[in-house]
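Next up is a structure, given as structure tokens.
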Amino acid sequence: MTTIIDGKQVAASVIDAVKSAVVGLEKDTSLKPGLAVVIVGDDPASHAYVSSKSRMAKECGFNSVQHTLPEETTQEELARLVATLNDDAGIHGILVQLPLPKHLDSEPIIQSIRPEKDVDGLHVVNAGKVATGDLDGGLVSCTPAGAMVFVRRIHGDDLSGMNAVVIGRSNLFGKPMSALLLAANATVTTAHSRTLDLPSVCRNADILVAAVGRPEMVKADWVKPGATVIDVGINRVPAPDKGEGKSRLVGDVAFEECAKVAGAITPVPGGVGPMTIAMLMANTVIAACRKAGRTPPKF
Ligand code: GUN
């Protein structure tokens, strides 16, 4: 029987753990985690993401602050806001929603966030800690951290003897995901668009993670029988069967056919997606615990 990994359910259990940690932290130290989310411009998809992040932060009992800046905000204005949030003792996590409008350069903005407040895990200090296997000292970026929660729930903390293949080598996902699997003792291959004979590389994987942005690219005959398949892709494709002009979301994995071969698999939507926000909340409470000198919870 294939396990269909329920991302909403796992995310809800992470959120419950965040809420308990918030209650404990406030009781012992009177400190309430503070999360500042910054959005620039009018992109509707980004506004939808940011609203759900702010809403979830409130639900977790955080001090949730949203800064909505106009499209014409300058680099200097945005940098000043980040500097103010860096110095604000009540703010433990800062997230600048990406992408920024074209006239703004996101890299210096992200790198100006204090690493201990970088709950997105995008600062080079945090990326470097993940790359060197220091998983307890920094903040791990939310999507790979969420994918690892699934892997741990299925295989436990120690992946010794297991082969893991990550398709995709982005700084945002593929590289940190490979580093996290390696830190858990898996034997890791990071595959990408230049990899020779990708299907046979994938067939070697006990854990197969796809993050390429190509709808339903991974087919059933790429999957080792019984493997765990984690689909990080979110692709909108036309769905004429639902009516003219309609679309639907699919992952990078051909779900129906791969589910027949895999031991466990994530659906899209409802797999990795809900975990990203949950891990943002987890990172914020971790950052607040560290600020208070308390040992942060593990997720
Ligand atoms: N835009 C889409 N996803 C993300 C995310 O996880 N973090 C940030 N900062 N921007 C995003």
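Whatever order the structure lists ligands and atoms in, that order sets their numbers, starting from 1. Fair warning: this is a prediction, and the values are worked out from it, not measured in the lab.
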| query | In terms of residue, atom name and distance, what is the protein heavy atom nearest to atom 2 (C) of ligand 1? | reply |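 Nearest protein contact, heavy atoms only, for atom 2 (C) of ligand 1 is Q97 NE2, 3.7 Å.
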| Which protein non-hydrogen atom lies closest to atom 1 (N) of ligand 1, naming both residue and atom, and how far is it? | L98 O, 2.8 Å
| query | Got a donor-acceptor contact below 3.5 angstrom from the S64 side chain to the L35 backbone? | reply | no
| Does the N or O separation between V96 and ligand 1 drop below 3.5 Å for any pair? | yes
| said: Under a 3.5 Å distance rule, please check whether S52 uses its side chain to pair with a backbone N or O of Y49 as donor and acceptor. | reply: yes
| message | Between the side chains of K129 and D136, is the shortest nitrogen-to-carboxylate-oxygen separation below 4.0 Å, so that they form an ion pair? | response |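 Between K129 and D136 there is no salt bridge, as every charged N stays at least 4.0 Å from the carboxylate O atoms.
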| Honestly curious: do F150 and V165 fall in one hydrophobic cluster under the side-chain, below-4.5 Å linking rule? |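 Looking at the clustering, V165 is in a separate group from F150.
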| note | the protein heavy atom lying closest to atom 6 (O) of ligand 1 turns out to be D120 OD1, 3.8 Å
